[in-house]
Engineer: 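Let me begin by handing over the structure; questions about it come next.
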Amino acid sequence: MRDKVKDLLQQEEEQSGVLVKGWVRTRRDSKGGFSFIEINDGSCLAGIQVVADHKLESYASASPHLHTGSCVAIKGNLVVSPAKGQKWELQASEISVYGSADAEKYPLQKKQHSFEFLREIAHLRPRTNTFGAVMRVRNRLAYSIHKFFQDRGFVYLHTPIITTSDCEGAGEMFQVTTLDLSKPPVNDGKIDYGHDFFGERTGLTVSGQLEGEIYALALSDIYTFGPTFRAENSNTSRHLAEFWMVEPEMAFYELEDDMDLAEEFVKFLFRDVLENCQEDMEFFNKRINKTILETLRNVVDHEFERIHYSDAIHLLEKSSEKFIYSVEWGCNLQSEHERYLSEKVFKKPVIIYNYPEEIKPFYMKLNEDHETVRAMDVLLPNLGEIIGGSQREDDLDVLHKRMREKELDPEEYWWYLDLRRYGSAPHSGFGLGFERLVQFVTGMENIRDVIPFPRTPKHAKF
RNA sequence: UCCGGUGUGGCGCAAUGGUAGCGCAUGCGGCUGUUAACCGCAGUGUUACAGGUUCGAGUCCUGUCACCGGAGCCA
């Protein structure tokens, strides 16, 4: 059995008969007759220093291959390092090479590379410190999301990826078809989807919310956590065509309960990462964003500010800040407005709720004032919207009326309306963009660098 | 999609319209319980692509493509 670097570095006592397998990060030769080889196996940020005596039988054959990027297996003894810089080192007794890497051609050098360059070599970038750390934190967050909901009795629900329902207002869908696009069947000048695989037009899901509601109104509390697709031509550091979304949906939750859960959720995740990803988080704090630890602790330690949309508009109107987009009741809040509120006014996460009915989708519950709906957005400083949610309209008549106003065909949503027809209940939910969460937690500036293989317009490589 | 910026050795960058350089990496040599090692020497270029202006274009102009930042759409 091999030993993982992470376990070795945590040892309390010296160990003999250790076996390490991993990739060479750097190699430094000493004319004292030995070499220092740093091995990383991805189990943690740090590598382990291997000391290889040139008199070793296996050294002569291995030496030409001990370059950055090569994969090796090393047997030896874990001993206290006599030099500064590390507590432990591995005194090698046998070195074997799995795969060498031509030093003249291997693209990763033992120095910092730009993220733009690393995106072009997405198959090798996980071997860098930053991407190793990002993916370990991403993994911990995914685990932690399940832990949060499972501990509270939520049921993990798998909603379909191929679907006919476009969660209105969520964005453009990718079409899924097996039709021959060079000669599709036509009827009355229109493409006849009756001949398509599913017998009707289908696409990749933009949200599992509507399906989530179905199961919340049976199992009470559910959550989804899966890939989501948007065919928007968005070219920003916060948008992907394929991203992962977490969507809890709870029966008997009103908007206030929804906001409580969202706040508890975010704080739980941040606290968990601070406690369980210390080494990686210290790396981000040192190399990526000098204030990220402070920012996360600040979020964990303080109550989120909660304000009505109307009050947010009032604050923006009376502020002396110069905005590119003017502010008036009924308008959508722009990025600059959201940033101003979370970064300048409150300097912490802000939940804005009770939005005008006109600018929100049909399924959000209408307030008694008939002007606003029970919608809420959680805004984080420097990132913007991370969560969007609402209490859902549970009154059949009101839902019908709102669908007509937004020119939607109730026939297409017959099953959704049935939920209000039979045993309707107040219920709420929200969606959290997983990559935006990873972005915020790691301090990484571009969303393309917190997902293993980013999908953006014109990019589906690897 | 819109606005702005940038495309130069493997990587990061420089070069008033006048002989394309520097750092890192790489190779060789030296030195050292080294650790983003250090010292010396060496190799490395269709200056994104296609046109144009000019005696002369990496530099100016036009178009295309790519990437980055911001905006919109949103999570």
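Residue numbers start from 1 in every chain, and the chains themselves are labelled A, B, ... in the order their sequence lines are given, proteins ahead of strands.
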Engineer: Report the nucleotide, chosen from B:A71, B:G33, B:A37, that has the shortest atom-to-atom distance to any side-chain atom of A:Val51.
Structural biologist: B:G33
Engineer: Centroid-to-centroid, A:Phe243 to A:Phe434, below 6.0 Å?
Structural biologist: no
Engineer: In whole Å, measure the gap between the C1' atoms of B:G69 and B:G10 for me.
Structural biologist: 26 Å
Engineer: Looking across every strand, which nucleic acid part, if any, lies under 4.0 Å from A:Glu120 by heavy atom: base, sugar-phosphate, or nothing?
Structural biologist: nothing
Engineer: Among the nucleotides B:G33, B:C74, B:C11, which one has an atom lying closest to any side-chain atom of A:His113?
Structural biologist: B:C11
Engineer: Look at the side chain of A:Phe36 and decide which nucleotide, out of B:U26, B:G12, B:G33, has an atom nearest to it.
Structural biologist: B:G33
Engineer: Please give the nucleotide sitting opposite B:G29 as a Watson-Crick or G-U wobble pair, both distances under 3.5 Å, or none.
Structural biologist: B:C39
Engineer: What's the gap between B:G43 and B:A25 when it is taken at their C1' atoms, as a whole Å value?
Structural biologist: 13 Å
Engineer: Quick one: which protein N/O atoms are closer than 3.5 Å to N/O atoms of nucleotides 1-7 of chain B? Pair and distance per line, please.
Structural biologist:
from : atom 1 : to       : atom 2 : distance (Å)
B:U1 : OP1    : A:Asn233 : ND2    : 2.6
B:U1 : O4     : A:Asn235 : ND2    : 3.0

Engineer: When the P atoms of B:A15 and B:A48 are considered, how many whole Å apart are they?
Structural biologist: 15 Å
Engineer: Listing request: all salt bridge (charged side-chain N to carboxylate O under 4.0 Å, His left out) pairs with a residue in residues 125-136 of chain A, at least two apart in sequence or in separate chains.
Structural biologist: A:Arg125-A:Asp449, A:Arg136-A:Asp280
Engineer: At a cut-off of 3.5 Å, list every protein nitrogen or oxygen paired with a nitrogen or oxygen from nucleotides 44-48 of chain B, distance to 0.1 Å.
Structural biologist:
none

Engineer: Closest to the A:Asn332 side chain: B:U34, B:A71, B:C73?
Structural biologist: B:C73
